[in-house]
Amino acid sequence: MLNGLYDSKKNYKNLIGGDWLFATDNANLKIFSPIDGSLIGTVPAMSCEDIDYAMNVAKKSQNLWQETPMYMRAEYLYRAADLLKEYKQVISHVITMEIAKDKASAESEVERTVDFLRYTADIGKSLEGTSVYGENFPGGSRDKLSYITREPLGTVLAISPFNYPVNLSVSKIAPALMGGNTVVLKPPSQGGISALYLALVFKEAGLPDGVLNTVTGSGSEIGDYLITHPNIDFINFTGSTAIGHHIAKTCGMIPIMLELGGKDAAIILDDCNLDYAAEQCVAGAFSYSGQRCTAVKRILVIESIADQFVALLKEKTLKLKSGSPHEDVSIVPLINDKSADYVFGLIENAVSKGAEVITGGTRNDKLISPTVLDYVTTDMEVAWEEPFGPILPIIRVKNIDEAISIANRSEYGLQSSVFTSDIGKAFTIARKLEVGTVQINNKTERGPDHFPFLGVKSSGMGTQGIKYSIEAMTRHKAIVVNLAAPCNKKR
Ligand code: NAP
Ligand code: G3H
């Protein structure tokens with residue numbers, strides 16, 4: 001399996017034009033495990049010249065790929081899915097080492113990606129064009145017919161975040177490929193090795209050389225060069241709102257898709273099944289230590305039931321296991337010290353302003369205990385900031401209107417949950433929430449992956465989800481025929 005991916009010292013290589021390559025000047029980034037600080041390996045720190053090479057290869061390969069029939073494009077994805085499934089243990093172990101994702105979640109990331117590949121191949125094959133007569137518009141007639149098909153955009157730059165290095169790379173690569181595009185993948189630095197294993201899977205699946213290429217290196221150094229590269233026809237980015245804003249400002253007329261940060265609220269009404277809602281909120285807030293864009297990041301609970309609900313949250317949170325990601329735990333060390341410092345700072349800020357620590361509030365290096373904070377008020381940073389860590393702030397509200405108002409005051413608009421037994425009330429609230437998705441009686445979460453997935457406000461631009469992603473990375477092409485022209489008339 002590992003042929004060419006790395007050398008005897010675990011210096012990993014990029015896949016460009018079907019070859020495994022170091023940076024031409026051999027520069028690299030050392031990748032240490034957040035679990036124990038051990039060196040996992042290095043990834044190349046690509047130079048501008050290396051990037052030019054990858055971009056040129058991607059551009060040159062696109063025409064042939066565009067001409068590859070849809071069923072064959074799908075075959076490569078099915079093969080990649082089979083191989084990814086076969087390599088599940090190896091790749092999920094790399095994910096665990098590299099981003100400290102617990103074993104079960106790392107395996108589930110790989111399994112979900114296998115399903116994603118297969119479904120994308122299926123959907124790609126089922127896409128059809130349309131046609132329309134000119135008669136619908138005043139003065140038009142059936143003499144004119146427009147055939148509308150979908151065409152590739154060209155070369156897609158896919159930039160993925162650390163928290164799903166395999167899945168959120170495939171969620172861009174697979175729809176782009178089915179749309180007939182070639183891809184340059186810039187994976188996260190921490191998570192880059194996992195993504196290079198993914199590239200290996202595509203290579204072994206027989207994907208033609210140059211159709212998928214990878215460029216590793218620090219985003220802060222090569223990011224601007226990548227996003228302004230003239231060979232790029234679309235940027236598909238998942239990551240922080242700060243970098244998303246920067247990309248939107250910098251990349252000019254290149255179309256983009258952005259999936260960014262969130263501050264997802266769970267609104268708890270007095271008529272819901274409290275035990276079930278608490279179970280959902282704890283799972284939603286703390287899996288992978290809250291390092292998910294869709295984690296439940298604040299609770300807005302009606303004050304008449306707040307004491308009861310907080311007690312249930314406490315009971316369930318205390319059952320969570322913390323520790324080594326190799327074990328059966330949900331609370332794991334955060335990705336780096338900076339992140340842990342930030343998360344702990346939010347806890348300290350809240351406590352200094354009067355929040356009550358219900359569980360947790362302690363730290364051992366990068367491992368922060370799952371922290372439920374009650375009596376959080378809107379003057380505390382934790383009420384608005386995205387922690388990307390294991391904190392669940394509770395804001396007690398007087399009524400539904402106050403809950404909606406606080407939910408909508410956030411700069412973010414990814415998802416919200418509403419827990420109630422009154423479905424009519426749930427729909428009324430859902431319509432008023434300024435988010436991409438409202439979950440009724442369910443924790444906030446992406447997926448299943450054929451659902452549309454989108455953020456509004458500072459949470460993103462454009463819609464992901466398998467069919468939607470293929471649509472976003474293709475454009476309409478209309479061919480209009482004038483059936484009444486002399487050359488088209490029957491003799
Ligand atoms: P990040 O720091 O924004 O990094 C994301 C990617 O952008 C990485 O590959 C990074 O490379 C690259 N990058 C950094 N600077 C760049 C630049 N100037 N130009 C182009 N690319 C650049 O985010 P993260 O810490 O990996 O992920 C956590 C954030 O992502 C959270 O805010 C989370 O909410 C969000 N997220 C959102 C979704 C969603 O679907 N809405 C999903 C997952 C995560 P380096 O690693 O080399 O810096
Ligand atoms: O981190 C952001 C991901 O898109 C969240 O996906 O809800 O399946 O964990 P998830």
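Only heavy atoms go into these numbers, but all of them, side chains included; no hydrogens, no water, no symmetry mates. Note that ligands are numbered from 1 as they come in the structure, with each ligand's atoms numbered from 1 the same way. These figures come from a predicted structure and were not determined experimentally.
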If you take the nearest heavy atom of each of Arg292, Glu259, Arg112, which one is closest to atom 8 (O) of ligand 2?
Arg112
Atoms of ligand 1, numbered as shown, that sit under 4.0 Å from any heavy atom of Ser218
47 (O)
Nearest heavy atom to atom 29 (C) of ligand 1 wins, so pick from Gly455, Ser240, Gly244, Ala158.
Ser240
Quick one: which ligand 1 atoms are inside 4.0 Å of a heavy atom on Leu168?
42 (C), 43 (C)
Give me the atom names and distance for the closest heavy-atom approach of Asp264 to Ala295.
CB-O, 3.5 Å
For ligand 2, which atoms have a heavy atom of Thr294 less than 4.0 angstrom away?
5 (C), 6 (O), 7 (O), 9 (O), 10 (P)
Is any N or O atom of Leu260, backbone or side chain, closer than 3.5 Å to an N or O atom of ligand 1?
yes
Working to the nearest 0.5 angstrom, can you tell me the gap between Asn213 CG and Lys186 NZ?
15.0 Å
Note: heavy atom closest to atom 9 (O) of ligand 1, options Gly219, Ser169, Pro165, Ser160, belongs to Ser160
Under 4.0 Å from one or more heavy atoms of Gly217, ligand 1 contributes atoms 47 (O)
Under 4.0 Å from a heavy atom of Ser189: give me the atoms of ligand 1 that qualify, with their elements.
45 (P), 46 (O), 47 (O)
Could you identify the single nearest non-hydrogen protein atom to atom 11 (O) of ligand 1 and state the distance to 0.1 Å?
Lys186 NZ, 3.0 Å
Mind checking the CD-OG spacing from Glu327 to Ser322? Nearest 0.5 Å is all I need.
12.5 Å
Taking 4.0 angstrom as the limit and counting only heavy atoms of Pro187, give me the atoms of ligand 1 inside it, by number and element.
9 (O)
Thr182 and Thr155: side chain donor to acceptor below 3.5 Å:
yes
Answer yes or no: is there a side-chain heavy-atom contact under 4.5 Å between Tyr276 and Asn442?
yes
Proximal candidate to atom 1 (O) of ligand 2 [heavy atom criterion; set Ala295, Ser105, Cys293, Gly262]
Cys293
For the side chain to side chain contact (heavy atoms under 4.5 Å, CB included) test, which of Val418, Leu269, Ile395, Ile268 pairs with Leu300?
Ile395
Can you name the ring pair (Phe, Tyr, Trp, His ring centres under 6.0 Å) partners of Tyr164, sequence neighbours left out?
none
Any idea which part of Tyr288 is under 4.0 Å from ligand 2, heavy-atom wise: side chain, backbone, both or neither?
neither
Under 3.5 Å, is there a donor on one side chain and an acceptor on the other for Asn28 and Tyr12?
no
Within-cut-off N or O pair, Thr238 and ligand 1, under 3.5 Å
no
With atoms numbered from 1 as shown, which atoms in ligand 2 lie under 4.0 angstrom from a non-hydrogen atom of Glu445?
7 (O)
Hey, what do you get for OG (Ser469) to CZ (Phe453), rounding to the nearest 0.5 Å?
10.5 Å
Lys9 side chain to Thr42 side chain, donor-acceptor N/O pair below 3.5 angstrom
no
Please compare Ala195, Cys293, Gly262, Pro188 and report which has the shortest non-hydrogen distance to atom 38 (C) of ligand 1.
Cys293
Per-atom contacts, ligand 1 versus His246 - under 4.0 Å to a heavy atom
18 (N)
Under 4.0 Å from ligand 1, counting heavy atoms only, is it the side chain of Tyr164, its backbone, both or neither?
neither
Ligand 1 atoms nearer than 4.0 angstrom to some heavy atom of Gly261 are 32 (O), 34 (O)
Region of Glu386 engaging ligand 1 - heavy atom pairs below 4.0 Å:
side chain
the protein heavy atom lying closest to atom 9 (O) of ligand 2 turns out to be Tyr164 OH, 2.4 Å
Backbone, side chain, both or neither: what part of Ile243 comes under 4.0 angstrom of ligand 1, heavy atoms only?
side chain
Will you find, in the side chains of Gln464 and Asn236, an N or O donor that is under 3.5 Å from an N or O acceptor?
yes
With atoms numbered from 1 as shown, which atoms in ligand 2 lie under 4.0 angstrom from a non-hydrogen atom of Asn163?
1 (O), 2 (C)
Say whether Thr241 and Ser458, considering side chains only, have a donor N or O and an acceptor N or O under 3.5 Å apart.
no
Could you name the option among Pro161, Gly239, Ser339 that has the heavy atom nearest to atom 30 (O) of ligand 1?
Gly239
Of Leu226, Asn163, Val43, the one whose closest heavy atom lies nearest atom 43 (C) of ligand 1 is Asn163
Heavy-atom contacts with Arg446 under 4.0 Å: which atoms of ligand 2 show up? List them by number with element.
3 (C), 4 (O), 5 (C), 6 (O), 7 (O), 8 (O), 10 (P)
